[in-house]
Each structure stands twice: as structure tokens, then as C-alpha cells.
Amino acid sequence: MSAGPAEPVYRNPVLNADWSDPDVIRVGDDFYLTASSFGRVPGLPLLHSRDLVNWTLVGHALQRLEPESEFAVPRHDCGVWAPSLRHHDGRFWIFWGDPDQGIFQVNAPEIRGPWTRPHLIKAGKGLIDPCPLWDDETGEAYLVHAWARSRSGVKNRLTGHRMHPHGTELLDEGKVIVDGDRIPGWFTLEGPKLYRHDGWFWILAPAGGVETGWQGAFRSRAFFGPYEEKVVLEQKDTDVNGPHQGGWVRTPSGEDWFLHFQQRGAYGRVVHLQPMRWDTDGWPVMGDDGAPVTEHHRPDLPPQPPAAPATDDDFPGGRPGRQWQWTANPRDGWATHHSADGLRLTCVRTADAHDLRLLPHVLTQRLPGAPCTVEVDLRLDDGEPGARAGLVVLGDAYSWIGLERGPDGAVRLVHRFAETAAMGAPPTSSGQWGRERDAAPPRPAPGGRARLRVDIGAGARCRFSYDIHDVTGDGAGEGFRPSGQVFAATPWRWVGALLGLVALALTGQGHAGTATFTQFRIRIQEKRADR
């Protein structure tokens, strides 16, 4: 059915899932956005829009995390933190901080690539949230970054550098240009975005923490300061907690807009769009006089059909769509390409079968921020005892439902869960966080096939169910039956909960079998006719 004309009003969030730490630019009539991807691969998602409301995922700028050896296993809260996206000298540039390694950069002639391999421009612990600026007035280039106290012992300050115009290296040791400790009431200053406007150097940076913080603006006539500051967006009497950290963009007609995130627990950091103007003293005013808006007139841009990043997948040719990411650098043989539809995953042998949080071969996508129903068909193919596969809601705690081949060779429907691993804590001395447990008794699945479902309601409360297909495999089943108790999805420390598909087997020799997933579907229960 063709879409009608777009309504004149949009509602927040415009990206209702975990697109953490967004940054945005305009190139011609096109808007592009990237976000943190942490330890998932591929990383640095690339989104496109023509109206700042409807977005599609067009690719990723980072195909593998480096160094390879460190990201061969999951590092869920590490990796790519708070990237900055820019367009300069005919190329797209992305800078980001890895809190354990330093500041990296990639660039490409087109948004879809090819992107260069990561280039480390400054090594060091705790260097995060970098943003470059090429000053067209002087030809100089600069970079500002924040600090992660967990790695460096330093926080609440922004450091500025002169940068080589080629973007390949920094030209000095850096200078603290904003010290949050000197501003009464300010703490956890981070996430800076650097701009030139109206003769000023501008830094838009949040403070106060992701749950309850605010958006600040800093300005100076000289890059190295001194800077004056002002709070330009905060929760006030709205229900949008901690509205901050994002990017400013101007439309061709001269309208100004600010995209930022809101922390929503298991849903991660969803993205809001705020109108922006400049007051008589030259300061930006975001939202409704500094308070986030729930709805607003749409940007003055040509109407676009409703769109959102893809979620559903038939896996044509055995290839997952762009929305999927592995929990670590992928290896050959995890997924098999073939001529038909369906994702064929190898039941990868692992000593960590007791805990899905430790597995690098979980294929994930973001948990929708609205109530939804997730379904997928699963067939457990030939294999040996211990081979298993299923659908998981993965976070610091997790629950999954799927199929497992037992010691007698029979396939059973299983539903298991694991309690929180104490976010940020290392495994126990035995190398484990704790084994998963049954959420419901195993049930026979004689055809080795099932349709799996999870209904996700308010507060990311998950109700699992299943439909065991008959042995003929013609799709006819018994009807969906509930399984286990309600499971409340939990985030990682910085990352929202994830939906995942996984196939695994116990340690041993030889091929352990495969699992085939088909018809992955997410039905959003919240109707967004205004989009």
C-alpha cells in the first residue's frame, strides 16, 4: 500500500531503539547519522534521512574491531564509544574513542564506502568522545575529547588539540579547555561536539550523567578558550530524563535542529529530535525554551514516506540483513551462504555453553523501544547430543527459548535463563558468572522444528511462548503456548538489551550440526500514524 502525504507533526523519539550517542550531519539534501556500537560487529552504523524524522540503515563504517585478538570474545561495553561524523574535503570522516586504546579515525569518499581501516591518531587510556573541526576561515584543524575516569582516573574535563589538516595526527600534547570541576554543580562533562558559528568556537557537551543530566553549550572566540557556558536543554517538568548528547544540524532553508538521546533502561538510548533557535544573546535554545518536546511541527523539508531501520528478515541467500551484529569479530563458518532463504548457523562448539553472555557468535539486533512481538521459525538440523539453538533476549541477565538435541538423539523445546552477572564484575575464579537454569520444563519437539515468540510489553517485560510444528514440517502447529515466567530484560552497563539468534554445541570433535532460522518478524504494537 502506498504511503500518503506525511503529517505536519512528528513525535519523539524519532529512533525508538538503542542508537546510542548519535551524531548527525547534512550533505546537500541528505542527512546522515552514526552512533556508538561498542563491542558489536560490524560497527559504526550509518543511517540516512531526507527529513530528520524517517531514517534507514544504509551500512556500517567498521567491518571488524581492532586489535583482532582483543575482540575475538565479547566485550559488550567496550570498543566504539561516542563517534563524531563529519564531511570535509569531499570525504566522510568518523572519529571515536576506544576507552582502552585511544582515538581512532576512518574516512571514505561516499557514505557507503569504501571506508579505510581504523587509524589510531592518539594512543592512551580513557580518551573518549573525540570530535574534529576543520576551520574553513583559517585552514586550521582541531580536535576536542573527553575522559573516562574508569581508565584514566580523570573525568569532567574537555581537552583540546591542534590537529593535522589531513586528520592523521595531533600536533600537540593537548590542553584542558573546559574544566567541569570549576563550574558549580557540573559533573561528568563528556560527549563534546565542536562547531564554528557566528565567529565563535562552540562546544555542545552534556553533563550530569546519562540518567538525569543536561545539555550544555560552551563558546569562545579562541579554540583554546576561555569558554563561557550555559545549560540549553534539561528535563524540567517533562518525562524525558537526561536529555543530552547529540549533534546540531541545519537544513537547506536555515532551520536548526538538535538530535540527542534519552536513556531508557533496557531499551538503551533512544533518539529525540529537538527544534533549535538562537536567542538575542547568540546562545542556542533547544526544544521548548530548553525543555524537550514530545511532538513538534516537522522540519521544513520535502515530505518523505514513513521509514525506519529494518528489523524483519527472511535471510535471502543465508545472509543476515544490515540490522544484525555479532557480539565479537566473526569467524568463517558461523553462517553458511546458500541459494535459498533462511539463516543457517553452525552449532559452534564452545566450553561456554552454560552462559550466552560469553559467546562471540550470537547474532543480535536492537530491542525495539515500543511494545512488540518477535517471532522466528527454527529448525534444528542433523547434529549430535548437546546441539542447541534459539531466540534470546540478551543483556546483563538473559532468557532464551529454542531447541536442543538430548542424549537420546531426540529434540526438545527448552527455555532457560540466567540472572544478572553484576554489571562490570569479572567472572568468578572458575571463569564463570553462573550457569543458566531452566525457566520451564523441557518438552518434546519430535519434528525438530518450532516457531518461537517473545511478547515484549511495557518496561521490557518479556513473555516467551512457542508453537511446535508437526513432524511433516508443513508449518502446521499446535498453536502458541506460554513458557515460563515473565522475564524483565536488563541492559548492560552502557548498552541496551539485545534480541539474538544463537546456535551452539558442547565441546568435542567434528561437525556438531546446524540450525536454520526463517521468517524473523517484529510486529510493533504501538501505531505511529504520525510518521
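Keep in mind it's a predicted model, so treat the numbers as computed, not measured.
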Pro165 and Ala141: which non-hydrogen atoms are nearest, and at how many Å? CA-CB, 4.0 Å
Side chains of Lys155 and Thr188 only: does a donor on one sit below 3.5 Å from an acceptor on the other? yes
Are Thr490 and Thr420 packed together at the side-chain level, in the sense that at least one heavy-atom pair is separated by less than 4.5 angstrom? no
Would you please indicate yes or no on a ring centroid separation below 6.0 angstrom for Phe201 and Tyr227? no
Ring-plane angle category for Phe218 and Trp186, please: parallel below 30°, perpendicular beyond 60°, tilted otherwise. perpendicular
Go through it in stages, so that I can follow the logic: the residues are Asp279 and Lys230, the test is salt bridge (charged side-chain N to carboxylate O under 4.0 Å, His left out), and I'd like the CA-CA distance, side-chain angles, deciding distance and then a yes or no. CA-CA 12 Å; Asp279 68 16; Lys230 187 175 183 180; 3.3 Å; yes
Is a side-chain donor or acceptor of Gln365 paired with a backbone partner of Thr311 at a separation under 3.5 angstrom? yes
Compare all side-chain heavy atoms of Ser37 with those of Pro45 and state whether any distance is below 4.5 angstrom. yes
Could you name each residue pair satisfying side-chain hydrogen bond (donor to acceptor under 3.5 Å, both in side chains) that touches residues 238-247, not counting sequence neighbours? Asp21-Gln245, Asn241-Gln262
Tell me every residue that passes ring pair (Phe, Tyr, Trp, His ring centres under 6.0 Å) with Tyr32, counting only those two or more places apart in sequence or in another chain. His48, Phe92
Restricting to ring pair (Phe, Tyr, Trp, His ring centres under 6.0 Å), what partner residues turn up for Trp278, sequence neighbours left out? His197, Trp202, Trp248
Backbone N/O of Trp283 and side chain of Asp281: donor-acceptor pair under 3.5 Å: no
Are the side chains of Arg269 and Val210 in contact, using a 4.5 Å heavy-atom criterion? yes
Inspect the contact between Arg50 and Asp29 and indicate whether a charged nitrogen and a carboxylate oxygen are less than 4.0 angstrom apart. no
Least distance between heavy atoms, Ala370 atom then Ile524 atom: CB-CG2, 3.9 Å
Could you check whether Arg75 makes a cation-pi contact with Phe71, meaning its NZ or CZ is under 6.0 Å from the centre of the six-membered ring and within 45° of the ring axis? yes
Is there a side-chain contact between Arg112 and Leu46 in this structure, where contact means two heavy atoms from C-beta onward sitting under 4.5 Å apart? no
Any side-chain to backbone donor/acceptor pair from Ser49 onto Asn54? Under 3.5 Å, distance only. yes
Provide the closest heavy-atom pair for Val362 versus Gly500 in the form atom of the first, atom of the second, distance. CG1-CA, 4.2 Å
For Pro275, give me all partners under side chain to side chain contact (heavy atoms under 4.5 Å, CB included), at least two apart in sequence or on another chain. Tyr10, Trp257, Val293, His296
Assess whether side chain to side chain contact (heavy atoms under 4.5 Å, CB included) is satisfied between Leu171 and His164, documenting all intermediate values. CA-CA 6 Å; Leu171 302 179; His164 194 291; 4.1 Å; yes
Spacing of Thr364 atom OG1 and Leu499 atom CG [to the nearest 0.5 Å]: 8.5 Å
Just by distance, do the side chain of Trp81 and the backbone of Asp77 share a donor-acceptor pair under 3.5 Å? yes
I need the Thr327 OG1 to Leu356 CG distance, nearest 0.5 Å. 9.5 Å
For Arg277, does the CZ atom sit with more than 12 other heavy atoms under 6.0 Å from it, leaving out its own atoms? yes
Would you say that Asn12 contacts Leu273 through its side chain, given a criterion of any heavy-atom pair below 4.5 Å between the two side chains? yes
Less than 4.5 Å apart, any side-chain heavy atom of Ile121 and any of Leu143? yes
Rounded to the nearest 0.5 Å, the CD atom of Gln323 sits from the NE2 atom of His60 at a distance of 9.5 Å
Taking only residues two or more places apart in sequence or in another chain, which ones pass side chain to side chain contact (heavy atoms under 4.5 Å, CB included) with Arg64? Glu68, Asn329, Pro330
Do Trp147 and Thr159 have a side chain donor and acceptor closer than 3.5 Å? yes
Just wondering, do Pro74 and Leu359 contact through their side chains at under 4.5 Å, heavy atoms? no
Under the ring pair (Phe, Tyr, Trp, His ring centres under 6.0 Å) test, which residues partner Phe104, sequence neighbours left out? Trp96
Checking Arg331 now: which residues fulfil side chain to side chain contact (heavy atoms under 4.5 Å, CB included) with it, not counting sequence neighbours? Ala72, Trp334, Pro360
Assess whether salt bridge (charged side-chain N to carboxylate O under 4.0 Å, His left out) is satisfied between Arg117 and Glu66, documenting all intermediate values. CA-CA 9 Å; Arg117 285 188 59 176; Glu66 297 184 4; 2.6 Å; yes
If we ignore hydrogens and angles and just use 3.5 Å, is the side chain of Asn156 paired with the main-chain N or O of Leu189 as donor and acceptor? yes
Decide yes or no on salt bridge (charged side-chain N to carboxylate O under 4.0 Å, His left out) for Arg357 and Asp396, but give the supporting numbers first. CA-CA 8 Å; Arg357 292 167 294 205; Asp396 190 51; 5.1 Å; no
Taking side chain as C-beta onward, heavy atoms only, is Ile177 less than 4.5 Å from Ile203? yes
Let me confirm one number: the CG-OG1 distance from Leu47 to Thr34, rounded to the nearest 0.5 Å. 8.0 Å
Sequence neighbours left out, cut at 3.5 Å: what donor-acceptor pairs do the side chains of residues 123-130 make with other protein atoms?
{"residue": "Lys125", "atom": "NZ", "partner": "Asp100", "partner atom": "O", "Å": "3.4"}
{"residue": "Asp129", "atom": "OD2", "partner": "Gly191", "partner atom": "N", "Å": "2.8"}

Who are the salt bridge (Lys or Arg N to Asp or Glu O under 4.0 Å) partners of Asp288, not counting sequence neighbours? none
Salt bridge flag under 4.0 Å for residues Glu140 and Arg162: yes
Can you tell me if Ser84 uses its side chain to pair, donor with acceptor, with the backbone of Phe95 under 3.5 Å? no
Is a side-chain N or O of Thr350 found less than 3.5 angstrom from the main chain of Asp352, in a donor-acceptor match? yes
Partner residues of Glu137 under the side chain to side chain contact (heavy atoms under 4.5 Å, CB included) criterion, sequence neighbours left out: Asp135, Arg196
Nearest 0.5 Å, please: how far is CG in Leu204 from CG in Leu194? 9.5 Å
For His119, give me all partners under ring pair (Phe, Tyr, Trp, His ring centres under 6.0 Å), at least two apart in sequence or on another chain. none
Taking the side chain from Gln304 and the backbone from Pro302, do they hold a donor-acceptor pair closer than 3.5 Å? yes
Give the intermediate values and the outcome of side chain to side chain contact (heavy atoms under 4.5 Å, CB included) for residues His260 and Leu233. CA-CA 10 Å; His260 68 91; Leu233 185 70; 3.9 Å; yes
About how many Å separate SG of Cys78 and CD of Glu70, when rounded to the nearest 0.5 Å? 9.0 Å
Residues pairing under side-chain hydrogen bond (donor to acceptor under 3.5 Å, both in side chains) where one sits in residues 209-222, two or more places apart or in two chains, turn out to be Arg219-Glu228
Take a 6.0 Å sphere around CZ of Arg91 and say whether it holds more than 12 heavy atoms from other residues, nucleotides or ligands. yes
